[in-house]
Amino acid sequence: MPKNGPAQQPTTELDARYSSALNPRPGAANVTATEWAEAQRQLKAAEIFWVSTVRPDGRLHVTPVIAAWHDGVLYFSTGKEEQKAKNLAHGGHCALTTGGNSLTEGLDLVVEGKAEPVADPAVLEEVIAAYEAKYGPHITSSEGTFHGIGDAFRKGDVMVFAVAPATAYGFGRDDGLYTHTRWAF
């Protein structure tokens with residue numbers, strides 16, 4: 001089971017080729033890499049992620065999921081017969097992406113890693129608590145969209161995956177100033 005934990009700090013690099021550092025806009029010379037702490041804050045707050053997996057024949061599969069960032073690992077779930085579960089059974093490599101749709105503001109994040117199935121009951125309880133804290137009534141209310149997901153995790157009715165970042169990317173936009181940060185673990 002991947003376990004990065006909050007103490008692990010990645011190497012951080014600003015890629016000037018894709019950042020405003022090469023663009024003559026005012027303020028571009030002062031562009032810096034996004035701090036990993038900010039990326040983690042955004043990962044913890046994001047409600048929707050897009051998981052990208054690869055089918056056995058090499059074709060891509062991309063679908064939205066809810067996910068929780070907990071203790072340095074990104075967790076998501078899927079039904080055992082869903083395409084993403086089938087794809088992950090063939091190696092587990094995937095990317096989870098989140099961000100916004102604005103051209104002038106925001107931070108888009110990509111977390112690449114290997115999805116590992118979670119079966120440890122203690123870890124599942126931590127993940128359930130992280131989901132409930134993050135999504136609140138969507139999970140805890142009987143009228144919630146994902147009500148019962150905790151019990152589904154406990155019973156093994158759905159698969160829970162943990163993705164510890166191997167590499168992560170941040171694409172920041174601040175009123176026309178752009179950053180491309182790479183974090184390597």
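For the single chain, residues carry numbers from 1 onward in sequence order.
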Which pair of heavy atoms, one from [X] and one from [Y], lies closest together, and at what distance?
{"X": "Ala115", "Y": "Cys94", "result": "CB-SG, 4.0 Å"}
{"X": "Leu124", "Y": "Ala119", "result": "CD1-O, 3.9 Å"}
{"X": "Gly150", "Y": "Ile128", "result": "O-CD1, 3.4 Å"}
{"X": "Pro165", "Y": "Gly72", "result": "CD-O, 3.5 Å"}
{"X": "Val73", "Y": "Ala162", "result": "CG1-CB, 3.6 Å"}
{"X": "Gly91", "Y": "Lys114", "result": "O-CE, 2.9 Å"}

[X] [atom1] to [Y] [atom2] distance, which is reported to the nearest 0.5 Å:
{"X": "Glu105", "Y": "Asp175", "atom1": "CD", "atom2": "CG", "answer": "8.5 Å"}
{"X": "Leu107", "Y": "Arg41", "atom1": "CG", "atom2": "CZ", "answer": "9.0 Å"}
{"X": "Trp183", "Y": "Glu13", "atom1": "CH2", "atom2": "CD", "answer": "11.5 Å"}
{"X": "Met159", "Y": "Phe153", "atom1": "CE", "atom2": "CZ", "answer": "12.0 Å"}
{"X": "Lys44", "Y": "Leu74", "atom1": "NZ", "atom2": "CG", "answer": "12.5 Å"}

Check your understanding: Any chance the rings of His138 and Phe146 have centres within less than 6.0 Å?
Key -> no

Review point. Hey, are Arg173 and Asp108 close enough for a salt bridge, meaning a charged N less than 4.0 Å from a carboxylate O?
Key: yes

Review point. Quick one: do Asp57 and Arg55 make a salt bridge, cutoff under 4.0 Å?
Key: no

Check your understanding: Taking the inter-plane angle between the rings of Trp36 and Trp69 on a 0 to 90° scale, is it parallel (under 30°), tilted (30 to 60°) or perpendicular (over 60°)?
Key -> perpendicular

Check your understanding: Parallel under 30°, tilted from 30 to 60°, perpendicular over 60°: which one fits the rings of Tyr131 and Tyr135?
Key -> tilted

Give the cluster check for [X] versus [Y]: same hydrophobic cluster or not, with ILVMFWY residues linked at side-chain heavy-atom distances below 4.5 Å.
{"X": "Val31", "Y": "Phe171", "result": "no"}
{"X": "Val158", "Y": "Val65", "result": "yes"}
{"X": "Ile66", "Y": "Val163", "result": "yes"}
{"X": "Tyr75", "Y": "Val110", "result": "no"}
{"X": "Ile48", "Y": "Ile149", "result": "yes"}

Exercise for review: List the steps, then state whether side chain to side chain contact (heavy atoms under 4.5 Å, CB included) holds for Val62 with Val51.
Suggested key: CA-CA 6 Å; Val62 182; Val51 61; over 6 Å; no

Got [X] and [Y] here, is their nearest side-chain heavy-atom distance under 4.5 Å?
{"X": "Pro117", "Y": "Val160", "result": "no"}
{"X": "Leu109", "Y": "Thr97", "result": "no"}
{"X": "Phe49", "Y": "Pro64", "result": "no"}
{"X": "Trp50", "Y": "Leu96", "result": "no"}
{"X": "Glu116", "Y": "Val118", "result": "no"}

Is the backbone of [Y] close enough, under 3.5 Å, to the side chain of [X] for a donor and an acceptor to pair up by distance?
{"X": "His61", "Y": "Val54", "value": "no"}
{"X": "His147", "Y": "Ile139", "value": "yes"}
{"X": "Lys134", "Y": "Ala46", "value": "yes"}
{"X": "Thr167", "Y": "Ala184", "value": "no"}
{"X": "Thr181", "Y": "Thr34", "value": "yes"}

Practice item. Taking atom CD of Glu125 as the centre, report whether more than 12 heavy atoms of other residues, nucleotides or ligands fall under 6.0 Å from it. Key: yes

Point to revise | Residue pairs fulfilling side chain to side chain donor-acceptor pair (under 3.5 Å) with at least one residue in residues 81-95, sequence neighbours excluded | key: Thr53-Asn87, Thr78-Glu82, Thr78-Lys84, Glu82-Lys84, Gln83-Asn87

